[in-house]
Amino acid sequence: MKAYSLPDERGHYGMYGGKFVPETLMQAIVELEAAFKKAMEDDQFKGELQVLLKDYVGRETPLYFAKRLTKYANGAKIYLKREDLNHTGAHKINNSLGQALLATRMGKKKVVAETGAGQHGVATATACALLNLDCIIFMGAEDIRRQQLNVFRMELLGAKVISVNTGSATLKDAVNEALRYWVSNVEDTHYILGSVMGPHPFPMIVRDFQSVIGMETRLQYLEKEGSLPEAVVACIGGGSNAMGMFYPFINDESVRLYGVEAAGFGLETNKHAASLTKGSPGILHGAFMYLLQDPYGQIQEAHSISAGLDYPGVGPEHSYLKDIGRVQYESITDKEALDALKLLSQLEGIIPALESAHAVAYAFKLAQTMNADEGLVVCLSGRGDKDMATVRANLGGEEK
Amino acid sequence: MNRIEKVMRRIKENKEKAFIPYFMAGDGGLEALQQRIIFLEETGATAIEIGIPFSDPVADGPVIQAAGIRALQEGTTLKAVIQTIAGVRPIVHVPLIIMTYMNPIIAYGIEKFIEDSCHAGIDGLILPDLPIEEETMVTSLAEKFGIEIIRLVTLTSPLERIREISSKGKGFIYAVTINGITGARSRFDEEAVEHLKRVKSVSTLPVFAGFGISTPSHVEEMIHYCDGVIVGSKIVEFFSENNLSAIKELIRAAKIKRTIKQ
């Protein structure tokens with residue numbers, strides 16, 4: 001296999017990606033790409049970011065051997081990459097901090113962002129507080145209802161949270177509003193997109209800032225096991241924690257990569273968020289990628305118990321990796337995710353985010369099919385505190 | 001020759017000013033689409049821009065978003081819109097221009113869409129999420145079938161880029177006069193006027209101003225600095241209120257200017 005080097009100069013991953021945005025944003029996107037490239041070649045920028053990731057975020061995060069979960073699965077060794085231990089409780093801060101630092105460098109004083117579960121919103125509000133940037137977060141009204149506590153956290157951090165009532169009032173609509181806001185305020189505002197989606201260069205920027213996950217994991221695993229893992233598993237909404245985890249492994253052909261989408265009530269129902277498994281390619285939010293859409297090209301509403309996976313598209317690089325077969329995309333239902341959340345809580349004393357519980361659920365199944373001398377890593381992208389109300393409402397009936 | 005080219009030649013020769021109304025296809029049903037096209041031609045529209053509803057219209061403000069939702073609730077599909085236009089085309093002579101986001105076209109099939117549009121008598125396309133960097137997926141087919149791609153330039157487009165866009169373009173240049181989405185604005189700042197002057201200075205094509213133009217006085221003000229104006233959200237609003245006289249008044253504002261010039 002030829003060494004992987006995408007996107008191409010035009011921001012494409014095979015047929016996917018690109019910059020399908022209103023002309024008003026083109027100049028901002030061109031400037032952003034140039035600023036990002038320059039920053040990533042600048043030792044001072046990289047050094048500044050590294051210090052923040054270490055002293056402020058708490059990196060590197062542990063690669064933890066889940067002994068009791070492994071024993072229970074009775075198969076491959078299961079390791080957890082503990083992104084839940086980052087400051088603000090999820091991997092999202094890796095990207096928010098990187099982009100906020102970039103915004104400062106570009107002389108922008110204001111930041112706009114979308115959020116689904118609220119984790120990206122909290123991470124962005126945090127980075128903006130730290131770097132003294134004005135922060136506006138668009139969030140779907142439905143998600144605000146589901147994630148009250150995160151709304152409060154963002155406001156406490158000094159951000160303005162704007163409720164989005166259009167469409168399905170979830171993440172997709174928050175992205176629409178954030179894009180509209182950016183079009184109207186492009187001259188002094190940077191848009192911190194939270195996942196590996198949107199127009200080029202966003203999928204590349206977010207991937208590169210998140211790649212710290214996979215780079216650390218690779219070194220940590222080599223140190224612990226003297227080899228690379230047989231498999232790596234991560235959940236996929238837009239796909240940022242997965243892309244950050246997979247990217248440093250892409251050229252390691254022996255490492256199987258698994259992305260886990262949300263199957264919601266089940267793939268056979270129309271209430272899921274499995275864009276790669278059940279969707280088809282199209283253009284949304286500035287990129288060509290797999291989407292959940294009707295036969296007329298209207299975007300459909302996604303469903304997942306976890307607000308962070310509730311998005312009817314998957315970033316362009318994942319779309320490409322699916323087509324070339326480098327990553328295998330699977331799905332896990334709401335119920336399986338809830339069971340995995342309970343299992344990990346009770347066996348390891350770690351309450352994962354509902355998003356991450358999808359990866360745990362699939363990894364648990366996968367481990368059972370593997371040998372004891374093999375190993376896999378699960379990206380535990382976030383902690384479950386934010387989901388307690390949802391989990392309680394869903395498990396309430398069956399608990400004593 | 002494409003109808004848009006003919007009309008552009010005519011307005012240039014006669015030193016006319018142009019007025020292009022936009023409205024959402026399927027808002028009020030497909031019968032309304034036919035009636036509105038006929039009404040707008042009779043009222044003096046230079047060409048007519050017809051919007052295709054899309055679930056996620058990021059370049060549009062609240063009025064057009066709402067019209068799109070109403071149209072989708074009516075069950076409007078791109079196919080039905082093309083068929084309806086084909087039905088009215090024999091009795092309508094002004095250029096008809098489709099404004100749509102890319103995804104409904106991709107779902108329809110780009111080639112089939114261009115071919116069917118050509119046969120229906122559609123003359124041009126405005127694709128707000130297709131910048132010149134990505135446009136080859138549409139342009140060669142459009143050229144083959146004689147459909148013109150109308151390109152947008154904005155306040156943020158550098159002069160060199162405006163020059164490039166205008167050199168690729170056919171028909172006219174759509175100069176967006178605000179940083180923002182579609183919908184009424186109370187006033188325009190001098191930046192809009194400066195922008196129009198800038199675009200006029202490099203464009204080889206007629207320059208039409210759009211976005212945010214919502215009153216007869218806006219029309220009279222802006223049309224002074226360009227070759228024509230495009231009004232969307234206000235037309236959509238007036239149609240939904242069935243306020244046809246207000247639409248006539250808007251179009252008249254452009255035409256009055258023309259009379260004075262002549």
Side-chain angles (χ1 to χ4, degrees), chain A residues 9-12 15 17-31 33 164-168 172-189 198-200 280-289 291-301 312-313, chain B residues 52-62 65-66 68-69 71-72 75-81 100-109 113 127-137 151-158 161-162 165 174-176 178-183 185 191 211-212:
Chain A
E9 274 176 16
R10 295 172 54 235
H12 287 239
M15 68 188 279
K19 313 171 189 176
F20 295 89
V21 289
E23 175 67 18
T24 302
L25 293 181
M26 282 308 295
Q27 193 57 22
I29 283 173
V30 169
E31 281 167 16
E33 185 177 0
V164 176
N165 281 295
T166 51
S168 55
K172 150 182 106 77
D173 310 285
V175 177
N176 288 341
E177 283 307 318
L179 280 168
R180 288 181 186 123
Y181 181 90
W182 198 30
V183 171
S184 308
N185 297 275
V186 63
E187 279 163 2
D188 62 354
T189 304
H200 178 70
S280 55
I283 293 173
L284 179 67
H285 297 149
F288 198 73
M289 60 183 177
L291 299 172
L292 296 178
Q293 53 183 328
D294 74 10
Y296 307 105
Q298 307 297 340
I299 308 305
Q300 289 176 315
E301 291 179 17
Chain B
I52 303 298
F54 178 49
S55 53
D56 295 82
V58 291
D60 284 308
Q65 285 177 47
I69 290 168
L72 289 175
T76 308
T77 63
L78 182 51
K79 188 172 178 185
V81 172
T100 179
Y101 293 87
M102 285 302 294
N103 206 49
I105 305 183
I106 291 170
Y108 193 97
F113 167 73
L127 306 164
D129 57 352
L130 190 75
I132 50 173
E133 282 78 0
E134 307 284 354
E135 69 177 16
T136 51
M137 65 199 291
R151 292 166 180 82
L152 296 96
V153 298
T154 62
L155 296 177
T156 55
S157 311
R161 189 172 167 91
I162 295 176
I165 291 173
Y174 190 144
V176 176
I178 49 171
N179 274 344
I181 52 182
T182 59
R185 299 295 189 282
E191 207 185 351
F211 279 42

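For the numbers below, each heavy atom of this structure counts, side chains included, while hydrogens, waters and symmetry mates do not. Since we're looking at a predicted model, the values are computed, not measured. Labels below follow one simple rule: chain letters A, B, ... track the order of the sequence lines, proteins then strands, and each chain is numbered from 1.
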With only heavy atoms counted, which part of [X] is less than 4.5 Å from chain A, the side chain, the backbone, both or neither?
X        : result
B:Ile69  : neither
B:Arg161 : side chain
B:Glu135 : neither
B:Ile106 : side chain
B:Phe54  : both

Residue A:Tyr181 excluded, over 12 heavy atoms near OH under 6.0 Å: yes

Which bit of [X] is near chain B, if near means a heavy-atom gap under 4.5 Å: side chain, backbone, both or neither?
X        : value
A:Gln300 : neither
A:Leu179 : side chain
A:Phe288 : side chain
A:Pro22  : both
A:Thr166 : side chain
A:Pro281 : backbone

Heavy-atom pair with the smallest gap, counting every atom of [X] and [Y]:
X        : Y        : result
B:Gly180 : A:Val183 : O-CG1, 3.4 Å
A:Glu23  : B:Pro131 : OE1-CB, 4.5 Å
B:Ser55  : A:Gln298 : N-OE1, 2.8 Å
B:Thr156 : A:Gln27  : O-CB, 3.5 Å

Separation of [Y] [atom2] from [X] [atom1] (nearest 0.5 Å):
X        : Y        : atom1 : atom2 : value
B:Asp56  : A:His285 : CG    : NE2   : 5.0 Å
A:Thr24  : B:Phe211 : OG1   : CZ    : 7.0 Å
A:Met26  : B:Ile132 : CE    : CD1   : 7.5 Å
B:Asn103 : A:Leu284 : CG    : CG    : 7.5 Å

Select, from [options], the one with the greatest count of heavy-atom pairs under 4.5 Å involving chain A.
options                               : answer
B:Asp60, B:Leu72, B:Asp129, B:Thr77   : B:Asp129
B:Pro104, B:Gly61, B:Ala59, B:Pro62   : B:Pro104
B:Glu133, B:Met137, B:Met102, B:Lys79 : B:Glu133
B:Pro57, B:Ala66, B:Ser157            : B:Pro57

